[in-house]
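In what follows, a single structure is set out as structure tokens and then discussed.
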Amino acid sequence: MDYRKLDQQDSLSIFRNEFYLKEDQIYMDGNSLGLLSKRAENTLLQSINDWKNYGIDGWTSGDNPWFYLSEKLGEKSATLVGGKSKEVIVTGSITSNLHQLISTFYCPSGTKSKILADELTFPSDIYAIKSQIELRGLNPETHLVQVKSKDGMTLNEDDIIQAMTKDIALILLPSVLYRSGQLLDMKKLTAAAHERNILIGFDLAHSIGALPHNLHDWGVDFAVWCNYKYLNSGPGGVGGLYVHEKHHSLKPGLSGWFGSKKEKQFDMDHTITPSEDVGKFQIGTPHIFSCAPLLGSLEIFEEASITLIREKSLKLTNYLMFLLEEFTPELTICNPREDHRRGGHVSLQHDEAARICKALKASGVIPDFRSPNIIRLAPIALYNNFEDVWKVAMILKEIMENKEYEKYEEGRNIVA
Ligand SMILES: *Cc1c(COP(=O)(O)O)cnc(C)c1O
């Protein structure tokens, strides 16, 4: 496989020019922090201009009045998660949205009182679950059940389904596991949960913008995500949430004035009249400057289409795995190999992972490291090409053959 041929056949190559890429660098960390596009920069600058020109009137004036921005961005994100526009809102962060939705959906009743998660998930999700259990006066030691992994890297859907016992009230799982990149079968897990009368939600941090979802049709009860990874909205960019329309009559666990029906919000009544759709799960004033870049960024996704993005992403990661198997056999590929079981990054295991990442950075490749021994490489469909993948594989080959990583200190940096 020649990268030149693959690049020639790439229908998404036109989007590469829209991003700020550095000449002497190959960025493979878009799964942690996506790069800035010119369109995202423009919509951010536009929002600053609106502030300059309109002052307080920016809430209702300009092309994108701030008062409706969260709803507008929700509508624009809906196709990416397969939700209806009234089911998606851009607000909060993953962790704050988890607090909101667990506090809404977690209704321990009698012996049906536990939350099911997994032992491989992202720590913040577990911290949120534990504190929500404690807020109900219950004990996480007994009320949080974490499905075990047999190999320390992946989960077996059947093990998860077996753990859906009568005492489980709520399930929270990742769509794609942040280390191994395993993609769970959300449709199957949702059906199994509902057969057992259990509510289920997903954390889409590592799948939104990387692959298509059908949350509404699958019947998923709720989901959360961030927009700063594959969606390129910038560091700390406001996140998103989805709640299936069948739950829109629920009372939010955490209430605040931005959850009001728009026409009622400025009545300043001490009794809230909640929005009738997903908007009710907002809490306070939206962070406009970290919403604004998403406007431009989502335009690119609309034009490129998530189907083609997924297609190219699978090709890029397949190519990367093909090259690494050939040239760096000492690195163990630990993501599942089948296309329908993996997300947008390749996960590599090696005892010297931390030092290999340092050597990669010194050679102009930006990877990311997950303690203690994982290197993640994410070639991004919108701005990486097959030549990047080829070069990264060749650089890694050199590093491994010459043990170049031995020049670097062990251990991770403060942000890894
Ligand atoms: C990135 C990530 C987070 C981060 O949460 P924030 O609240 O946005 O800081 C949480 N969970 C998962 C699975 C992630 O990948």
Side-chain angles (χ1 to χ4, degrees), residues 29-35 70 73 77 80-81 89-103 115-132 144 146-147 149 153-155 160 171-184 186 189 200-211 213 215 220 222-242 254 281-284 286-287 289-291 293-294 297 335 342-347 367-371 374-378 380 412 414-416:
D29 202 9
N31 59 319
S32 264
L33 179 68
L35 291 180
S70 305
L73 287 168
S77 313
L80 293 177
V81 296
I89 189 92
V90 166
T91 187
S93 68
I94 291 186
T95 314
S96 69
N97 290 337
L98 278 176
H99 277 290
Q100 169 66 301
L101 296 181
I102 297 171
S103 72
I115 297 182
L116 178 64
D118 69 275
E119 68 165 0
L120 298 179
T121 204
F122 198 86
S124 200
D125 300 40
I126 294 296
Y127 304 158
I129 294 174
K130 285 184 177 172
S131 58
Q132 287 296 327
L144 168 60
Q146 287 180 270
V147 177
S149 161
M153 293 303 293
T154 58
L155 299 169
I160 301 176
I171 302 170
L172 177 70
L173 292 168
S175 49
V176 168
L177 274 67
Y178 77 103
R179 280 164 185 278
S180 68
Q182 179 190 5
L183 168 62
L184 293 177
M186 288 178 264
L189 292 166
I200 186 164
F202 289 95
D203 182 334
L204 310 183
H206 285 277
S207 62
I208 189 160
L211 51 97
H213 306 75
L215 298 186
V220 172
F222 68 92
V224 298
W225 57 89
C226 56
N227 289 311
Y228 51 75
K229 290 173 178 159
Y230 288 93
L231 287 180
N232 313 318
S233 77
V238 175
L241 63 85
Y242 150 95
L254 308 174
F281 297 101
Q282 296 173 92
I283 300 174
H287 307 169
F289 294 154
S290 54
C291 284
L294 188 58
S297 185
N335 49 276
R342 58 198 189 85
H345 70 266
V346 170
S347 180
D368 89 0
F369 169 65
R370 281 295 169 261
S371 188
I374 299 291
I375 303 165
R376 299 188 301 187
L377 294 173
I380 302 297
R412 67 169 172 82
I414 185 85
V415 172

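The analysis underlying the following values was restricted to heavy atoms, covering all of them including side chains, and did not include hydrogens, waters or symmetry mates. Indexing begins at 1, ligand by ligand and atom by atom, following the structure's order. Note that this is a predicted model, so its numbers are computed, not measured. Here, residue 1 is the first one in the sequence, and each next residue gets the next number.
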Counterpart residues, ring-ring contact (aromatic ring centres under 6.0 Å, His included), relative to Y228 (two or more places apart): none
More than 12 heavy atoms of other groups within 6.0 Å of Y127 OH: no
Atom of R370, atom of Y178 and distance for their closest heavy-atom approach: CD-CE1, 3.9 Å
Any donor-acceptor N/O pair, H345 side chain to R179 backbone, under 3.5 Å: yes
Which atom of I126 lies closest to which atom of A117, heavy atoms considered: CD1-CB, 4.1 Å
4.5 Å side-chain heavy-atom contact, L241 and V90: no
Residues in the immediate environment of ligand 1 (any heavy atom closer than 4.0 angstrom): S93, I94, T95, F122, D125, D203, A205, H206, Y228, K229
